[in-house]
Amino acid sequence: MPELTEVETLRRDLAAKLVGQRVREVHVLWPGSLRWCSPQDFARYLEGQSADVLSRRGKYLIFGLQGGGALIFHLGMSGRLLLGAQGEEPGKHTRLILEFDGQRQLRFDDPRKFGRVCLVRDAEKVVGKLGPEPLGNEFSAEVLCSLLEGRSRRLKPLLLNQQFIAGLGNIYADEALFEAGLNPCMRACDLDKGEIARLCAAIKEVLERALHNRGTTLSDRSYGDAYGREGRNQEQLRVYGRAGQPCPRCGTAIQRITLEGRGAHFCPRCQRLKKEEKRG
DNA sequence: AAAGCACCCTGTACGC
DNA sequence: TGCGTACAGGGTGCTT
């Protein structure tokens with residue numbers, strides 16, 4: 001599923017081809033993908049527009065429009081943005097097509113329909129409440145420390161909360177916790193300074209590695225870049241989706257538990273809970 | 001503030 | 001071969 005690094009990889013691919021290109025024609029095949037906008041208004045505003053900047057915030061991809069406003073995509077679990085040739089036929093799960101001048105097409109495919117497309121005057125309406133960007137300079141151990149302060153929530157659900165940190169999904173949250181040697185059930189306020197520094201570094205490290213590898217494509221193939229190509233980071237995963245397999249560090253079987261309705265993968269030996277935390 | 005739940009949706013994996 | 005069912009996931013919204 002597309003998380004920060006997958007969206008960032010897409011952003012780079014798409015920016016190189018689409019910035020400055022004029023939208024010639026819009027086809028909304030599944031209106032359910034649109035938020036706060038009828039297919040008619042959507043097409044009317046977009047046709048003739050072009051994006052002068054393509055940015056990303058968390059898992060959101062933002063086309064800054066030349067005439068004002070923003071076109072924003074969230075890929076949900078299975079959304080893909082694909083560059084194609086002009087007039088290319090829609091696939092079974094194609095929800096939206098933008099035909100550009102210059103014989104290029106951008107297709108939004110989304111089998112599970114969890115993705116969303118918004119056309120807004122101000123992007124802040126969509127991304128305004130997101131937490132800090134973990135790869136940005138503004139994210140540091142000090143910042144993480146103040147974010148964690150007073151929070152009694154367990155670490156893993158907190159990392160998945162986009163208002164806490166933007167862009168982490170289930171894969172990279174599990175991987176970061178493994179890298180930092182922290183148990184997903186640990187209470188946020190119980191982390192000491194050293195653990196916070198480790199977690200901060202682990203988040204950046206895991207994301208940077210995934211970015212270098214052009215994202216993670218799991219066996220469900222729910223992620224591909226703008227040309228449908230798979231990422232390579234799945235080979236680097238230490239715990240996610242590896243329940244029962246040996247921990248790469250110590251050989252103990254990786255465990256999978258459910259935390260607030262989401263799967264969490266960890267090594268019970270490398271990511272131990274301290275005794276006093278178990279009682280809480 | 002935390003946690004639990006239902007909901008959205010469908011491809012896949014499983015048991016029979 | 002095929003049917004039914006459970007499950008996975010991110011985000012939102014509601015309730016306790």
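Because the structure is a prediction, the values reported are computed rather than measured. Naming convention: chains lettered A, B, ... in sequence-line order (proteins, then strands); numbering from 1 in each chain.
- Side-chain N or O atoms of A:K204 include one that pairs as donor or acceptor with a backbone N or O of A:G136 at under 3.5 Å.
- Counting only distance, with no hydrogens or angles, the side chain of A:R154 and the backbone of A:P184 share no donor-acceptor pair below 3.5 Å.
- Using a 4.0 Å heavy-atom criterion, one finds that A:G261 contacts no nucleic acid atom at all.
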Tabulate protein N/O versus nucleotide N/O from nucleotides 14-16 of chain C, keeping only pairs under 3.5 Å, one per line.
none

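- For A:D41 and A:R44, the salt-bridge test passes: some basic side-chain N is under 4.0 Å from an acidic carboxylate O.
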Atom pairs, N/O to N/O, protein against nucleotides 8-10 of chain B, distance under 3.5 Å?
residue: B:dC9; atom: O4'; partner: A:R112; partner atom: O; Å: 3.4
residue: B:dT10; atom: OP1; partner: A:K113; partner atom: NZ; Å: 2.9

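- Using a 4.0 Å cut-off between charged side-chain N and carboxylate O, A:D13 and A:R214 make a salt bridge.
- Under 4.0 Å is where a charged nitrogen must lie from a carboxylate oxygen, and between A:E133 and A:R57 at least one such pair does.
- Between the CH2 atom of A:W36 and the P atom of C:dG11 there is a distance of 14 Å, given to the nearest Å.
- Taking 3.5 Å as the limit, the base of C:dG10 and the side chain of A:R262 contain a donor-acceptor pair of atoms between them.
- For A:L259 and B:dC5, the CG to P distance is 13 Å, given to the nearest whole Å.
- In this structure, the CG atom of A:N170 is 13 Å from the C1' atom of C:dG11, given to the nearest Å.
- Comparing B:dG4, B:dA2, C:dG11 against the side chain of A:E260 picks out B:dG4 as the nearest.
- Within the 3.5 Å criterion, the main-chain N or O of A:Y240 finds a donor-acceptor partner in the side chain of A:E175.
- The backbone N or O of A:G169 sits less than 3.5 Å from a side-chain atom of A:E3, completing a donor-acceptor pair.
- There is a side-chain donor-acceptor pair under 3.5 Å between A:E6 and A:Y172.
- Using a 4.0 Å cutoff on non-hydrogen atoms, the parts of residues 151-169 of chain A near DNA chain C are A:Q162, A:G169, ordered by number.
- No contact: A:R35 has no heavy atom under 4.0 Å from any strand.
- Between the CZ atom of A:R80 and the P atom of B:dG11 there is a distance of 14 Å, given to the nearest Å.
- In this structure, A:C247 and A:F178 have side chains that are in contact, with non-hydrogen atoms separated by less than 4.5 Å.
- Residue A:Y172 places none of its side-chain N or O atoms closer than 4.0 Å to OP1 or OP2 of C:dG10.
- Rounded to whole Å, the distance from CD on A:E6 to C1' on C:dG10 is 13 Å.
- Between the side chains of A:K156 and A:N183, no donor N or O sits under 3.5 Å from an acceptor N or O.
- Evaluated for a side chain to side chain contact (heavy atoms under 4.5 Å, CB included) with A:Q86, the options A:R104, A:E25, A:R24 yield exactly one hit, A:R24.
- One atom, CG of A:L4, and another, P of C:dG11, lie 11 Å apart when rounded to the nearest Å.
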